[in-house]
Amino acid sequence: YLRDGPEVIFGEHGSRTASIAVSSSSNDLLRSLPADLFQQFKPSLRSVFLEAEQFLYFQDDRLDYVYFPETAVISELQTLDDGRMVEVMLTGPEGAVGLMALLCRTRAPHCTQVVQAGSAVRIETAALARIVRVHPDAARVLTPHLDQYVRQISQRSICNMYHSVKERLCTWLLLVQDRCGKTTLKLTHEQIARILGVYRPSVTCIALELRKNKMISYSRGG
């Protein structure tokens with residue numbers, strides 16, 4: 001700890017993260033908590049900055065923290081038999097990452113990585129579980145997000161199977177933009193290809209077509 005300053009924590013996979021006490025949050029789930037209930041959360045909440053492409057969990061890791069994104073966007077990826085990954089879930093300020101740990105003592109079902117850098121609020125899973133036990137109203141606010149979680153994974157599974165790479169790429173860009181609210185996204189063709197589980201030349205060809213049709217513009221890394 002730094003005296004009279006923020007905590008400095010080495011994250012789950014070696015990343016250096018400054019953790020600061022939280023007085024309010026722009027995350028939709030936390031904002032939906034009644035004021036008296038949010039007061040119960042505040043002592044355990046910490047504001048952190050998540051770096052682009054930082055891993056929060058690897059598959060089968062313990063879910064030690066639950067993350068509530070504010071400006072960050074977080075991707076969950078399933079590993080295929082050939083070593084490639086494909087995204088099955090994308091979370092921004094509308095939700096949280098790691099809430100499944102409230103229902104059962106499960107490990108991370110997917111590899112979880114930051115797509116767009118930004119702020120988030122996190123809480124230790126054990127602390128959140130204690131709050132929910134003492135204040136059942138918290139569960140009634142948080143658990144509906146799990147329904148949306150399952151619905152998005154189901155929809156993405158169908159899209160990954162039946163939709164073209166072009167359709168999936170366009171959908172994914174819009175999903176990211178909806179969550180971070182930015183008109184310029186810091187991305188590379190390699191990163192997008194990895195998330196979609198396709199080869200980079202496919203992404204490059206589609207991006208060229210979209211740029212030619214004036215649907216997007218791009219330069220190196222943006």
Side-chain angles (χ1 to χ4, degrees), residues 12 22-48 50 54-78 86-160 171-172 174-181 195:
E12 291 81 350
V22 172
S23 59
S24 63
S25 175
S26 59
N27 177 274
D28 292 345
L29 272 181
L30 292 178
R31 288 175 61 190
S32 66
L33 291 169
D36 58 337
L37 194 52
F38 184 74
Q39 293 300 316
Q40 303 300 319
F41 277 70
K42 276 177 61 174
S44 301
L45 297 176
R46 292 294 181 270
S47 179
V48 295
L50 303 179
Q54 173 184 341
F55 285 99
L56 303 182
Y57 320 113
F58 289 122
Q59 196 164 321
D60 296 323
D61 276 356
R62 286 175 49 187
L63 294 169
D64 292 330
Y65 295 96
V66 175
Y67 292 85
F68 297 88
E70 295 178 321
T71 60
V73 181
I74 300 171
S75 172
E76 295 186 43
L77 304 138
Q78 184 66 43
V86 61
E87 185 184 86
V88 296
M89 184 70 186
L90 193 67
T91 304
E94 81 288 350
V97 174
L99 274 182
M100 288 296 291
L102 283 182
L103 295 183
C104 55
R105 292 184 178 181
T106 184
R107 290 181 177 266
H110 311 117
C111 186
T112 306
Q113 187 177 33
V114 179
V115 175
Q116 293 289 290
S119 62
V121 171
R122 78 177 183 185
I123 184 172
E124 291 186 7
T125 303
L128 180 57
R130 285 194 298 270
I131 294 171
V132 169
R133 283 197 301 270
V134 176
H135 303 279
D137 286 350
R140 285 191 279 273
V141 174
L142 297 176
T143 53
H145 170 69
L146 296 176
D147 176 64
Q148 297 302 316
Y149 180 87
V150 173
R151 287 174 183 269
Q152 187 183 152
I153 289 179
S154 299
Q155 183 65 52
R156 297 293 294 279
S157 298
I158 294 170
C159 292
N160 290 340
T171 298
W172 186 79
L174 291 172
L175 287 171
V176 176
Q177 200 276 333
D178 281 347
R179 283 156 176 77
C180 69
I195 286 170

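Hydrogens, waters and symmetry mates play no part in the numbers below; they use all other heavy atoms, side chains included.
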Fill in the blank from the handout: Taking every heavy atom of Leu63 against every heavy atom of Thr125, the minimum-distance pair comes out as O-OG1, 2.6 Å
Handout entry: Side-chain touch Arg46/Glu124, heavy atoms, less than 4.5 angstrom
Key = no
Completion exercise
Rounding to 0.5 Å, atoms CD1 (Ile123) and CG (Leu45) come to a distance of 5.0 Å
Practice task
May I ask you to test the Phe41-Val22 pair for a side-chain heavy-atom distance under 4.5 Å?
Solution key: no
Got a list of side-chain donor-acceptor pairs under 3.5 Å for residues 144-152, not counting sequence neighbours?
{"from": "His145", "atom 1": "NE2", "to": "Ala96", "atom 2": "N", "distance (Å)": "3.3"}
{"from": "His145", "atom 1": "NE2", "to": "Ala96", "atom 2": "O", "distance (Å)": "3.2"}
{"from": "Asp147", "atom 1": "OD1", "to": "Arg151", "atom 2": "NE", "distance (Å)": "3.4"}
{"from": "Asp147", "atom 1": "OD2", "to": "Arg151", "atom 2": "NE", "distance (Å)": "2.8"}
{"from": "Tyr149", "atom 1": "OH", "to": "Glu76", "atom 2": "OE1", "distance (Å)": "2.8"}
{"from": "Gln152", "atom 1": "OE1", "to": "Leu90", "atom 2": "N", "distance (Å)": "2.9"}
{"from": "Gln152", "atom 1": "OE1", "to": "Arg156", "atom 2": "NH1", "distance (Å)": "3.4"}
{"from": "Gln152", "atom 1": "NE2", "to": "Leu90", "atom 2": "O", "distance (Å)": "3.3"}

Handout entry: Flag, side chain of Asn27 to backbone of Glu70, donor-acceptor distance under 3.5 Å
Key = no
Practice task
Let me see the working for Tyr65 and Val48 under side-chain contact (heavy atoms from CB on, under 4.5 Å), right down to the final yes or no.
Solution key: CA-CA 12 Å; Tyr65 295 96; Val48 295; over 6 Å; no
Exercise for the section: Kindly give the heavy-atom pair with the smallest separation between Gly98 and Tyr57, and that separation in Å. Expected result: CA-OH, 3.9 Å
Completion exercise
CG (Asp64) and CZ (Arg122) are apart, to the nearest 0.5 Å, by 9.5 Å
Completion exercise
Rounded to the nearest 0.5 angstrom, the CD-OG distance for Gln39 and Ser23 is 10.0 Å
Residues 127-140, side-chain donor-acceptor partners within the protein, below 3.5 Å, at least two apart:
{"from": "His135", "atom 1": "NE2", "to": "Gln40", "atom 2": "OE1", "distance (Å)": "3.4"}
{"from": "Asp137", "atom 1": "OD1", "to": "Arg140", "atom 2": "NE", "distance (Å)": "3.4"}
{"from": "Asp137", "atom 1": "OD1", "to": "Arg140", "atom 2": "NH2", "distance (Å)": "2.1"}

Completion exercise
One should read off an interatomic distance between Glu87 CD and Ile153 CD1, to the nearest 0.5 angstrom, of 10.5 Å
Handout entry: Residue pairs fulfilling salt bridge (charged side-chain N to carboxylate O under 4.0 Å, His left out) with at least one residue in residues 111-120, sequence neighbours excluded
Key = none
Exercise for the section: Please tell me if the side chains of Phe38 and Val141 come closer than 4.5 Å, counting only heavy atoms from C-beta onward. Expected result: no
Exercise for the section: List the atom of Leu50, the atom of Ala120, and the distance in Å for their closest heavy-atom pair. Expected result: CD1-CB, 3.8 Å
Handout entry: Reported CG-to-CD distance for the pair Asp178 and Glu94, which is rounded to 0.5 angstrom
Key = 9.0 Å
Exercise for the section: Look only at the side chain of Thr71 and the backbone of Ser119, and say whether a donor-acceptor pair between them is shorter than 3.5 Å. Expected result: yes
Practice task
Would you give the length of the straight line joining atom CG of Asp61 to atom CG of Leu56, rounded to the nearest 0.5 angstrom?
Solution key: 10.0 Å
Exercise for the section: Report yes if the side chains of Tyr67 and Thr91 come closer than 4.5 Å at any heavy-atom pair, otherwise no. Expected result: no
